[in-house]
Undergrad: 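Got a structure for you, written out below as structure tokens; questions coming shortly.
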Amino acid sequence: VQLQASGGGLVQAGGSLRLSCAASGRTFGYVMGWFRQAPGKEREGISCISSGGIISNYVVSVNGHGRFTISRAIASNTVYLQIDNLKPEDTAVYYCAADHNGCVALMYDYFGQGTLVTVSS
């Protein structure tokens with residue numbers, strides 16, 4: 001399984017970004033998730049979505065007041081993360097991930113290379 005994340009960049013506070021993650025390989029039945037890691041901090045879970053479209057929110061989304069929205073296009077095997085009203089504290093490398101066990105655990109089978117999001121104040 002290979003995961004290719006894209007869509008990161010430099011954005012001003014208050015702006016929006018849509019991150020994409022293209023998956024290839026055997027991902028049938030896998031859940032897809034988004035994580036982020038800020039400089040000097042541990043990796044945090046954002047959201048997870050199953051192949052049936054069921055969403056589970058991890059700590060970043062739970063505390064994000066609706067700013068993070070995950071979606072998935074099964075036909076193209078792509079998962080998206082829409083981030084609205086970006087804040088400087090959202091600056092991080094954002095990773096997509098895939099797992100065969102479901103959205104319950106945070107230990108995913110596969111992680112992509114990450115895409116950097118930098119939010120200026």
Side-chain angles (χ1 to χ4, degrees):
V1 174
Q2 291 189 331
L3 304 168
Q4 182 70 42
S6 61
L10 175 63
V11 63
Q12 286 189 333
S16 297
L17 276 178
R18 188 191 195 204
L19 307 181
S20 301
C21 175
S24 60
R26 290 187 60 185
T27 58
F28 179 78
Y30 277 50
V31 300
M32 302 288 290
W34 283 98
F35 294 77
R36 74 180 186 185
Q37 187 165 17
K41 296 189 177 181
E42 293 188 353
R43 187 170 60 201
E44 301 177 291
I46 303 174
S47 290
C48 171
I49 186 167
S50 72
S51 56
I54 298 173
I55 294 172
S56 297
N57 287 321
Y58 301 136
V59 61
V60 173
S61 279
V62 170
N63 294 331
H65 305 291
R67 299 190 299 112
F68 298 87
T69 305
I70 192 171
S71 59
R72 186 171 182 173
I74 296 297
S76 60
N77 212 5
T78 302
V79 64
Y80 303 96
L81 183 69
Q82 176 75 28
I83 314 173
D84 297 316
N85 190 22
L86 280 153
K87 303 177 185 298
E89 52 264 39
D90 293 323
T91 294
V93 177
Y94 285 72
Y95 299 91
C96 61
D99 191 78
H100 73 285
N101 278 324
C103 292
V104 176
L106 295 179
M107 297 298 292
Y108 278 53
D109 296 325
Y110 304 98
F111 279 85
Q113 88 292 353
T115 185
L116 176 63
V117 173
T118 304
V119 184
S120 63
S121 58

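Quick caveat: nothing in here was measured; it's all calculated off a predicted structure. Numbering of residues begins at 1 and proceeds along the displayed sequence.
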Undergrad: Do Y94 and I46 touch side chain to side chain, with heavy atoms closer than 4.5 Å?
TA: yes

Undergrad: Write down the atom of T78, the atom of S20, and the distance for their closest heavy-atom approach.
TA: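 Heavy atoms only, the tightest pair is CG2-CB, 4.4 Å.
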
Undergrad: In a check of side-chain hydrogen bond (donor to acceptor under 3.5 Å, both in side chains) between S47 and each of S61, S56, S71, which one passes?
TA: S61

Undergrad: Do the side chains of Y95 and C21 get nearer than 4.5 Å, heavy atoms only?
TA: no

Undergrad: Can you hop from F68 to Y58 via hydrophobic side chains spaced under 4.5 Å?
TA: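 No, separate clusters.
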
Undergrad: Any sub-3.5 Å donor-acceptor pair from T118's side-chain atoms to T91's backbone N or O?
TA: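 No; zero donor-acceptor contacts below 3.5 Å.
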
Undergrad: Should we count CD of Q37 as having more than 12 external heavy atoms under 6.0 Å?
TA: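 Result for CD/Q37: enclosed.
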
Undergrad: Do side-chain atoms of Q113 reach the backbone of A5 as a donor and acceptor pair under 3.5 angstrom?
TA: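 Yes; at least one donor-acceptor contact below 3.5 Å.
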
Undergrad: Run through I74, I70, V31 and flag the one making a side-chain contact (heavy atoms from CB on, under 4.5 Å) with V79.
TA: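 So the option named by the test is I70.
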
Undergrad: Side-chain contact, heavy-atom cut-off 4.5 Å: S51 with F28?
TA: no

Undergrad: How are the rings of H100 and Y30 set to each other: parallel, tilted or perpendicular (split at 30° and 60°)?
TA: tilted

Undergrad: Would you say F111 ends up clustered with V93 if hydrophobic residues are merged whenever their side chains have heavy atoms under 4.5 Å apart, either directly or through other cluster members?
TA: yes

Undergrad: Answer with yes or no whether the hydrophobic clustering places L17 together with L3; edges join I, L, V, M, F, W, Y residues whose side-chain heavy atoms lie under 4.5 Å apart.
TA: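 Both belong to a single hydrophobic cluster.
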
Undergrad: Within the structure provided, determine whether K87 and N85 are in side-chain contact (heavy-atom separation under 4.5 Å).
TA: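 A side-chain contact under 4.5 Å exists here.
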
Undergrad: Is there a donor-acceptor contact under 3.5 Å from the side chain of R72 to the main chain of I49?
TA: yes

Undergrad: Between S50 and C103, what is the shortest heavy-atom contact and its length?
TA: N-SG, 4.5 Å

Undergrad: If you compare all heavy atoms of D84 against all heavy atoms of S16, which two are closest, and at what distance to 0.1 Å?
TA: OD1-OG, 2.9 Å

Undergrad: State, with a plain yes or no, whether a side-chain heavy atom of R36 is found less than 4.5 Å away from one of D90.
TA: yes

Undergrad: Report yes if some heavy atom in the side chain of L19 is under 4.5 Å from a heavy atom in the side chain of V117; otherwise report no.
TA: yes

Undergrad: When clusters are formed by joining ILVMFWY residues with side-chain heavy atoms under 4.5 Å apart, either directly or through shared neighbours, do Y80 and L86 land in the same one?
TA: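 No, it is not one cluster - the side chains of Y80 and L86 are not joined through contacts under 4.5 Å.
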
Undergrad: Count the heavy atoms of every other residue, nucleotide or ligand shown that sit under 6.0 Å from CD of E89, and state whether that count exceeds 12.
TA: yes

Undergrad: Any side-chain heavy atom of V60 sitting closer than 4.5 Å to one from W34?
TA: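 A side-chain contact under 4.5 Å is absent here.
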
Undergrad: When rounded to the nearest 0.5 angstrom, what is the spacing between CG in L81 and CE in M32?
TA: 12.0 Å

Undergrad: For a side chain to side chain contact (heavy atoms under 4.5 Å, CB included) check, start with the C-alpha distance between N77 and T27, then their side-chain angles and the critical distance, and finish with the verdict.
TA: CA-CA 8 Å; N77 212 5; T27 58; 2.8 Å; yes

Undergrad: Would you say V59 and Y108 are hydrophobically clustered, going by side-chain heavy atoms of ILVMFWY under 4.5 Å?
TA: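 Different hydrophobic clusters.
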
